[in-house]
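As structure tokens, the structure follows; a few thoughts come after it.
In each ligand, atom 1 is the first atom listed, and ligand 1 is the first ligand listed. Below, each value reflects all heavy atoms present in this structure, side chains not excepted, and no hydrogens, waters or symmetry copies.
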Amino acid sequence: MPTTDAVVIGSGPNGLVAANLLADAGWDVLVLEEQPWLGGAVNSAADVRDGWIHDTCSSFYPLAAASPVIESLQLEHHGLEWVNAPAIVGNPLLSGDWAVLHRDRDDTAASLDALCPGDGDAWLAQCRLWDRLGEQLVGAITSPFPPVRAGLGLAARAPFNGGLAFVRQLLLPARQLGEEAFRGEAPRLLLAGNAAHADIGMESPGSGFMGWLLIMLGQHVGFPVPKGGAAELRRALVRRFEAAGGQTRRRTPVVEVIVSGGRASAVRTGDGEVIEARRAVLADVSAPALYGGLVSWEHLPTKLRRRMDGFEWDPGTIKVDWALSGPIPWAPAPPVAPGTVHLIDSVDALSLAEAQMASGRIPDRGIMLLGQMATTDPTRAPAGAESLWAYTHVPHGALRGEVSDPEVEAMADRMEARIEEHAPGFRDRILNRRILSPDELESRNANLVGGSINGGTAKPQQELIFRPVPGLGRAETPVRGLFLASAAAHPGGGVHGACGSNAARAALAHDRIRLRRSR
Ligand SMILES: Cc1cc2nc3c(=O)[nH]c(=O)nc-3n(C[C@H](O)[C@H](O)[C@H](O)COP(=O)(O)OP(=O)(O)OC[C@H]3O[C@@H](n4cnc5c(N)ncnc54)[C@H](O)[C@@H]3O)c2cc1C
């Protein structure tokens, strides 16, 4: 029987971060990946049109750029080069202006002030708050729960930086935070659009924090992308791992975690091979795929089964990629070209879309997120051309079907029409399009169940000590030697590597205790 110190199931960014940290500690590590490619939702290829590089899933990496975990891996030494767009985020306004998050905070403030006097100072006040508390906040989010060291740092600084008022700000719904902090529409939409990256309602606590975190990250580290495509981030992680002695195997689904004496001792692959894991198994898979799937219920507490009944997926996603002959003909054009564009009519429109989602309907005018990738990184398309994607959310379970399904095609047509409203002539520039329906996303990555991109809802009731279910807020699982390393674990979705790092750190700590006990 082949044997190794640790098996990592799945090669998403969390799996690869975990594998790197274990290999750094001198462990023999084998990563098993179901798909023919490594990287999970961090990938890109010239598969929409020759000469155009499209990211298959994730594209912009503010969380990676700010993550102490990713920084510690020094991926720049393994070929990774970050680039930022001329402007970070833009949202066309119904007035004909643009809300723009510029690279420089003074430029953002000046442009917001020109639209509504006073908003420039209000923006700079938020930036100063971030200067004083942002690093501790990111440290606290990316540490295992409870975040003792970073949490203490935050607790020590908060009283001198607003104290309870700051804590209250973190809890505010995005609508209320926008209305309290700013007077004009533009910064409110920047906040709301970034909040809408997660599935927390505009009227619900938690959405303000999500929006604030992303706009402040955007202002301080940008929304960088790997030069050459998202796959360059994955390549750097794999290169680093292999240089440390790690091994990867593709086209190798794991179908069972073998549990002996209450401990994860091995995994079984799709073709029946059993691979022994002497020290740990780390699962970069979804929570429902692990509990009652790879690990059968007989090895798990009954109460976990009950709690998994309450597990909530985040909404489904439909993504469309276009190879364009030229840039999007925005009319009017933004003052500086943003890499990320949000199409939102108003905060009210987002609230209405959320109500439609909650009642199981596909929203008429929910948020559309766009990535102008050649604007951001000119290596993504031939000179003068654009590599574009857009996605929007649908209720989980909606819009199931092949990419050629008329309902799926009609949704992609509607997305094109939304862009055309702001950019007449957009359709004339389309050379090719690819639709990634919720089912298509799932067929490319088993973690993206029904097109969910976040490993489960980001609502407060499924975060922190409640992620993925109450009582399992850390990477440890009820099975000894088995750790949940995916976005299903705290702190959830996004490419920050923290879930993988937490799982690796837990595996190393438990192994140390085990060794001490066996002496
Ligand atoms: C369309 C889309 C856009 C996104 N945009 C962004 C963005 O711009 N910025 C950002 O920060 N985040 C973004 N995200 C979210 C981010 O990509 C994910 O949160 C992140 O990739 C999660 O990493 P992971 O390692 O937990 O899982 P994944 O990246 O999902 O990887 C899981 C891996 O495990 C493999 N696997 C699953 N089951 C098995 C099994 N049984 N055996 C073997 N292998 C298995 C899968 O094939 C996959 O390779 C986006 C996600 C999607 C889908």
Any salt bridge linking D24 with R240? Criterion: basic side-chain nitrogen under 4.0 Å from a carboxylate oxygen. yes
Sidechain N-carboxylate O distance under 4.0 Å for K227, D377: no
I'd like to know if C499 contacts ligand 1, where contact means a heavy-atom distance under 4.0 Å to any ligand atom. no
Which segment of L448 sits under 4.0 Å of ligand 1 when only heavy atoms are counted: side chain
Do any N/O atoms on V495 end up under 3.5 angstrom from N/O atoms on ligand 1? yes
So W313 and F311, would you call those rings parallel, tilted or perpendicular, with 30° and 60° as cut-offs? perpendicular
Of the side chain and backbone of I453, name the one, both, or neither that has a heavy atom under 4.0 Å from an atom of ligand 1. both
Which atoms of ligand 1 have any heavy atom of S486 under 4.0 Å away? 26 (O)
G39-ligand 1 polar pair, N/O distance under 3.5 Å: no
Does any N or O atom in G493 lie less than 3.5 angstrom from one in ligand 1, N or O only? no
Taking the six-membered ring for Trp, are W82 and Y61 parallel (under 30°), tilted (30 to 60°) or perpendicular (over 60°)? tilted
Ion pair present between R418 and D364, side-chain N to carboxylate O less than 4.0 angstrom? no
Aromatic ring pairing F223/F60, orientation class (parallel under 30°, perpendicular over 60°, tilted between): tilted
Looking at ligand 1, would A289 count as a contact under a 4.0 Å heavy-atom criterion? no
Compute the shortest N/O to N/O distance between A446 and ligand 1 and return yes if it is under 3.5 Å, no if not. no
Does E242 come within less than 4.0 Å of R235, counting only side-chain N to carboxylate O? no
Kindly assign one of parallel, tilted or perpendicular to the pair F483 and H510, based on the angle between their ring planes and the thresholds 30° and 60°. tilted
Test item, N445 contacting ligand 1 (heavy atom, 4.0 angstrom): yes
Does any N/O atom on Y391 come nearer than 3.5 Å to any N/O atom on ligand 1? no
Evaluate ring pair (Phe, Tyr, Trp, His ring centres under 6.0 Å) for W130 paired with W212, printing each intermediate quantity in order. CA-CA 9 Å; W130 178 269; W212 188 72; 5.5 Å; yes
For atom 9 (N) of ligand 1, the option (of F60, W389, Y61) bearing the nearest heavy atom: F60
At a 4.0 Å cut-off, with the gap strictly under it, does some heavy atom of G455 reach an atom of ligand 1? no
The option among S58, G12, G494 carrying the non-hydrogen atom nearest to atom 18 (C) of ligand 1 is G494
Could an N or O of ligand 1 be found under 3.5 Å from any N or O of Q35, whether backbone or side chain? no
